[in-house]
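Comments concern the structure below.
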Amino acid sequence: MVERLWRSVKYEEVYLKEYQSMEELKQSLRQYFEFYNYERPHFAHGGKKPAEIFGVGKKDSANELKLVA
């Protein structure tokens, strides 16, 4: 599973962009992982998102995770 994750990160994000700084790379990866966990359906999970499977919600404005009910 980890190997699939890093393949997805490379082919869906890193290889498609030219980062101008390390900070730009970090921000881009933060956004990608937010997308990967909360928006992108996963074939291995029957089309569900990882956050749905593991019952984790998005961070609120205070950067605290909220559990999905």
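In this text the structure is predicted, and so the values were computed from the model without any measurement. Residues: numbered from 1 along the sequence shown.
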Nearest 0.5 Å, what's the CZ-CD distance between R40 and E34?
15.0 Å
Does R7 have any side-chain hydrogen bond (donor to acceptor under 3.5 Å, both in side chains) partners at least two apart in sequence or in another chain, and if so, which?
none
Using the test side-chain hydrogen bond (donor to acceptor under 3.5 Å, both in side chains), find all partners of K48 that sit at least two apart in sequence or belong to another chain.
none
Given the options E23, M22, K17, Y19 meets side-chain contact (heavy atoms from CB on, under 4.5 Å) only with K17
What is the ring orientation for Y36 with Y32, classed by angle as parallel under 30°, tilted 30 to 60°, or perpendicular over 60°?
tilted
Run the side-chain hydrogen bond (donor to acceptor under 3.5 Å, both in side chains) test against Q27 and tell me which residues pass, sequence neighbours left out.
R30
The reported gap from CD in E24 to CG in L29 (rounded to nearest 0.5 angstrom) is 10.5 Å
Flag if over 12 foreign heavy atoms under 6.0 Å of CD, E3:
no
Which class fits the ring pair Y15 and Y11: parallel under 30°, tilted 30 to 60°, perpendicular over 60°?
perpendicular
L16 with L5, same ILVMFWY side-chain cluster at under 4.5 Å
no
Note: P41 and G47 closest approach over all heavy atoms is CB-O, 3.2 Å
Side-chain contact, heavy-atom cut-off 4.5 Å: K49 with N37?
no
Under 3.5 Å donor-acceptor, S8 side chain and R4 backbone
yes
